[in-house]
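Proteins get letters first, then strands, A, B, ... in listed order; numbering begins at 1 in each.
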There are 2 protein chains.
Amino acid sequence: MTFDPSTLVYNESGLIPAIAQDEGSGEVLMMAWMNAEAVRRTLQTRRVTYWSRSRQAFWVKGESSGHVQELVDFRVDCDRDCVLVIVRQTGPACHTNRRSCFYTAVRDGEEVELMSPEA
Amino acid sequence: MTFDPSTLVYNESGLIPAIAQDEGSGEVLMMAWMNAEAVRRTLQTRRVTYWSRSRQAFWVKGESSGHVQELVDFRVDCDRDCVLVIVRQTGPACHTNRRSCFYTAVRDGEEVELMSPEA
């Protein structure tokens with residue numbers, strides 16, 4: 001079946017959550033949002049492109065930092081209201097310069113930092 | 001630092017996206033939503049508990065199907081507006097009886113089914 005980005009289920013702001021996972025390590029890197037046009041651009045350019053809610057603009061991941069995400073595979077979930085992008089990540093994915101945005105764990109009720117910013 | 005669920009950033013409906021990842025395979029299994037009380041219950045009971053938007057009720061994953069998620073690690077992202085639960089999944093995570101909800105890929109513009117329902 002031909003994929004049509006308009007068949008995904010977007011929220012009231014026209015956005016769908018997009019989870020980025022590292023192709024090699026399987027690590028979950030980040031979660032951000034896409035609109036239908038960001039989905040289209042991601043598939044067409046193979047550069048993962050989100051919609052920045054704070055800037056209200058397309059956000060080609062790594063455009064300014066160089067920490068781009070090359071699309072390896074694009075997955076849709078059963079309810080079509082979430083997507084998973086498998087990516088080849090250049091540099092750290094997180095704006096704090098950590099490999100992943102999920103660097104804080106809650107263990108025994110305490111917040112623990114799991115990784116440091118890269119040099 | 002002691003973790004307080006109220007310090008997470010919830011959306012206008014009081015919900016935060018929660019990504020579930022399989023401890024063993026690293027596979028991303030599903031994405032659902034939690035409110036602050038679901039976060040509390042998940043950490044306290046070690047049984048992953050979501051908030052069902054359709055039923056407007058707590059959803060102890062696997063309560064009826066037996067396909068429970070035992071919490072292995074609870075992670076928070078840099079913006080504190082998304083959580084990642086590393087889980088020990090019993091049975092398939094998806095209500096379609098597939099291992100993961102992300103069983104559809106978009107390849108060369110076509111939707112491709114990557115896995116079948118388990119027996």
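Contact of A:Leu43 with chain B is made through the side chain alone, with heavy-atom distances under 4.5 Å. Looking at B:Ile19, only its side chain comes within 4.5 Å of chain A, counting heavy atoms on both sides.
Between chain B and the residues A:Ala105, A:Gly26, A:Cys101, the largest count of heavy-atom pairs under 4.5 Å involves A:Cys101. Of all the listed residues (B:Gly109, B:Pro17, B:Cys78), the one sharing the greatest number of non-hydrogen pairs under 4.5 Å with chain A is B:Cys78.
Placement of A:Leu8 and A:Leu84 in two distinct hydrophobic clusters is found when ILVMFWY residues are connected by side-chain heavy-atom separations under 4.5 Å, directly or transitively. Both A:Leu71 and A:Val83 are part of a single hydrophobic cluster, where members link through side-chain heavy atoms under 4.5 Å apart. A:Met30 and B:Val28 are assigned to two separate hydrophobic clusters, defined by single-linkage of ILVMFWY side chains at heavy-atom distances under 4.5 Å. The same ILVMFWY cluster, assembled from side-chain heavy atoms under 4.5 Å apart, contains both A:Val39 and B:Val106. Under a hydrophobic clustering in which Ile, Leu, Val, Met, Phe, Trp and Tyr are joined whenever their side-chain heavy atoms come within less than 4.5 Å, directly or via other members, B:Met31 and B:Val72 fall into the same cluster.
In the hydrophobic clustering, where aliphatic and aromatic side chains (Ile, Leu, Val, Met, Phe, Trp, Tyr) are joined below 4.5 Å either directly or transitively, A:Val68 stands alone. The hydrophobic cluster analysis finds A:Val60 isolated: no Ile, Leu, Val, Met, Phe, Trp or Tyr side chain comes under 4.5 Å of it, directly or through other members. Hydrophobic cluster membership of B:Leu114, counting Ile, Leu, Val, Met, Phe, Trp and Tyr whose side-chain heavy atoms lie under 4.5 Å apart directly or via other members: B:Val112.
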Scan chain A against chain B and return every donor-acceptor pair whose distance is under 3.5 Å.
from	atom 1	to	atom 2	distance (Å)
A:Met1	N	B:Glu110	OE1	3.3
A:Met1	O	B:Glu111	N	2.6
A:Thr2	N	B:Glu110	OE1	3.3
A:Thr2	OG1	B:Glu110	OE2	3.2
A:Phe3	N	B:Gly109	O	2.8
A:Gln21	NE2	B:Gly26	O	2.9
A:Gly26	O	B:Gln21	NE2	2.9
A:Arg53	NH2	B:Asp81	OD2	3.4
A:Asp73	OD1	B:Arg107	NE	3.0
A:Asp73	OD2	B:Arg107	NE	3.4
A:Asp73	OD2	B:Arg107	NH2	2.6
A:Phe74	O	B:Val106	N	2.8
A:Val76	N	B:Thr104	O	2.8
A:Cys78	N	B:Cys101	O	3.0
A:Arg80	NH1	B:Glu111	OE1	3.2
A:Arg80	NH1	B:Glu111	OE2	3.4
A:Arg80	NH2	B:Glu111	OE2	2.8
A:Asp81	OD2	B:Arg53	NH2	3.4
A:Cys101	O	B:Cys78	N	3.0
A:Thr104	O	B:Val76	N	2.8
A:Val106	N	B:Phe74	O	2.8
A:Arg107	NE	B:Asp73	OD1	3.0
A:Arg107	NE	B:Asp73	OD2	3.4
A:Arg107	NH2	B:Asp73	OD2	2.6
A:Gly109	O	B:Phe3	N	2.8
A:Glu110	OE1	B:Met1	N	3.3
A:Glu110	OE1	B:Thr2	N	3.3
A:Glu110	OE2	B:Thr2	OG1	3.1
A:Glu111	N	B:Met1	O	2.6
A:Glu111	OE1	B:Arg80	NH1	3.2
A:Glu111	OE2	B:Arg80	NH1	3.4
A:Glu111	OE2	B:Arg80	NH2	2.7

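Taken to the nearest 0.5 Å, the CZ atom of A:Phe102 stands 4.0 Å off from the SG atom of B:Cys82.
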